[in-house]
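First comes the structure, then the notes that go with it.
This one's a predicted model, so the numbers in the text were calculated from it and none came from an experiment.
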Amino acid sequence: TTQIYVHLSNTHLQAEYEKVISQLKPPYPFGKMPNNKRKYLPAPKQINWNGYLDGLPGWLADSLCAFCSRPSQKENDVQRTRNLLSQLVPLFRWMLSLESTTKCRGLKFSNITPKLWFAYIEMRLHSNIKPTTLNTTLRTLQSFLKFARDSDHTICERTLEIRPLKTPEALPRDLTQAQVNHLLAQADAFDCAWILLMSHSGLRT
């Protein structure tokens with residue numbers, strides 16, 4: 001575990017390298033380097049709605065499309081939409097596969113009950129899906145059901161009260177090299193000594 005915290009052992013070597021590099025003169029002024037290659041402009045990302053929604057009932061596909069297409073403050077709306085579809089569509093396809101069983105007699109919003117969700121959890125856990133992933137799907141499902149309720153659909157209110165699965169406490173994340181450099185730049189000599197000691201010896205506190 002400590003190994004991920006001791007990657008700063010080459011800090012001195014990195015400083016020496018940057019010192020030498022800064023003294024070299026590039027063959028071209030910065031920003032003036034000739035570029036004879038044609039600029040490649042990637043095609044804008046598209047959402048394959050048919051691929052996601054194919055085979056779903058029309059009322060469900062329309063609701064998913066309206067929910068996932070809502071404007072967001074995030075820059076990458078396309079990726080956000082894909083993430084929402086990737087979380088909800090497999091869940092609803094699984095529910096549709098149960099229509100012939102006693103667990104789901106005709107899928108509709110009011111039939112999405114806690115019992116159905118817990119059956120889905122059991123199936124996914126047997127497939128070694130992590131609880132954190134299922135909790136993300138649960139939050140997305142509850143947000144979608146609230147959207148459906150606001151659109152005058154009848155839902156099972158108890159599903160909104162389902163609590164997420166318990167997850168183990170995550171290990172702390174180590175600082176990046178850029179973060180350490182920025183921290184050292186703001187510190188005096190005494191603080192630098194403590195920061196370097198903690199960084200090199202893996203003292204998390």
Side-chain angles (χ1 to χ4, degrees), residues 1 4 42-176 179 204-205:
T1 303
I4 63 176
K45 294 182 179 180
Q46 302 291 334
I47 300 174
N48 184 11
W49 289 102
N50 291 333
Y52 282 108
L53 304 179
D54 183 47
L56 297 181
W59 61 269
L60 179 58
D62 292 342
S63 296
L64 285 171
C65 183
F67 173 74
C68 297
S69 300
R70 295 176 303 166
S72 171
Q73 296 180 352
K74 295 184 178 180
E75 295 181 1
N76 196 341
D77 284 334
V78 173
Q79 188 59 48
R80 169 183 169 273
T81 300
R82 287 177 176 175
N83 291 340
L84 293 175
L85 290 170
S86 297
Q87 293 162 13
L88 291 175
V89 170
L91 170 61
F92 286 120
R93 290 194 187 280
W94 176 82
M95 291 181 179
L96 288 169
S97 69
L98 300 179
E99 282 191 334
S100 59
T101 69
T102 56
K103 293 182 180 179
C104 184
R105 291 293 187 181
L107 179 62
K108 52 186 178 180
F109 289 123
S110 59
N111 285 346
I112 304 176
T113 61
K115 183 178 180 180
L116 191 60
W117 168 253
F118 291 135
Y120 178 74
I121 284 183
E122 183 178 0
M123 183 272 297
R124 296 293 279 171
L125 289 177
H126 283 308
S127 302
N128 295 324
I129 301 300
K130 295 182 178 180
T132 52
T133 302
L134 291 171
N135 289 341
T136 300
T137 302
L138 174 61
R139 288 191 295 269
T140 305
L141 173 64
Q142 291 174 332
S143 179
F144 174 64
L145 291 177
K146 291 178 182 178
F147 173 81
R149 182 183 60 185
D150 295 339
S151 301
D152 297 329
H153 292 283
T154 301
I155 68 170
C156 178
E157 297 289 342
R158 291 182 293 114
T159 305
L160 302 180
E161 300 175 1
I162 300 176
R163 295 183 178 181
L165 297 173
K166 293 183 178 180
T167 57
E169 185 177 354
L171 289 174
R173 295 183 180 181
D174 58 328
L175 297 178
T176 65
Q179 290 174 323
R204 298 175 186 170
T205 302

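Between the side chains of T137 and Q87, not a single donor N or O lies within less than 3.5 Å of an accepting N or O. Between the side chains of Q79 and N83, at least one donor N or O lies within less than 3.5 Å of an accepting N or O.
Contacts of E161 classified as salt bridge (Lys or Arg N to Asp or Glu O under 4.0 Å), with partners at least two apart in sequence or in another chain: none. The side-chain contact (heavy atoms from CB on, under 4.5 Å) search around I129 returns R124, S127, T133, L134, not counting sequence neighbours. Remark: R93 engages no residue in a salt bridge (Lys or Arg N to Asp or Glu O under 4.0 Å) (not counting sequence neighbours). Applying the side-chain contact (heavy atoms from CB on, under 4.5 Å) criterion to S69, with sequence neighbours excluded, gives W49, C65. With sequence neighbours left out, the ring pair (Phe, Tyr, Trp, His ring centres under 6.0 Å) criterion links W59 to F109. Among residues two or more places apart in sequence or in another chain, the ring pair (Phe, Tyr, Trp, His ring centres under 6.0 Å) test is passed with F92 by F144.
Taking the side chain as every heavy atom from C-beta outward, N48 and N50 approach each other to under 4.5 Å. With a 4.5 Å cut-off on side-chain heavy atoms, R149 and T154 do not count as touching. The side-chain heavy atoms of M95 and I112, taken from C-beta on, include a pair separated by under 4.5 Å.
Rounding to the nearest 0.5 Å gives a distance of 11.5 Å between CG of L145 and OG of S151. The structure places CD1 of I121 at 11.0 Å from CG of L116, a figure rounded to the nearest 0.5 Å. The distance from atom CG of L165 to atom CG of L138, rounded to the nearest 0.5 Å, is 8.0 Å. Here CG of L60 is found 14.0 Å from NZ of K108. Values are rounded to the nearest 0.5 Å.
Closest non-hydrogen pair, R80 versus C68, comes out as NH1-O, 3.7 Å. Listed here is the closest heavy atom pair of A66 and R70: O-CG, 3.4 Å. Shown here for H126 and E122, the closest heavy-atom pair between the two residues is CD2-O, 3.0 Å. Across all their heavy atoms, I162 and P114 have their closest contact at CD1-CA, 3.6 Å. Scanning both residues, A61 and L53, for their nearest heavy atoms gives O-CD1, 3.9 Å.
Between the side chain of N135 and the backbone N or O of P164, no donor-acceptor pair lies under 3.5 Å. Of the possible polar contacts, none joining the T159 side chain to the I155 backbone as a donor-acceptor pair under 3.5 Å is found. Of the possible donor and acceptor atoms, one in the side chain of S97 sits under 3.5 Å from a partner among the backbone N and O of W94.
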**Message:** Pair T81, L85 - check side-chain contact (heavy atoms from CB on, under 4.5 Å), show working.
**Reply:** CA-CA 6 Å; T81 300; L85 290 170; 4.0 Å; yes

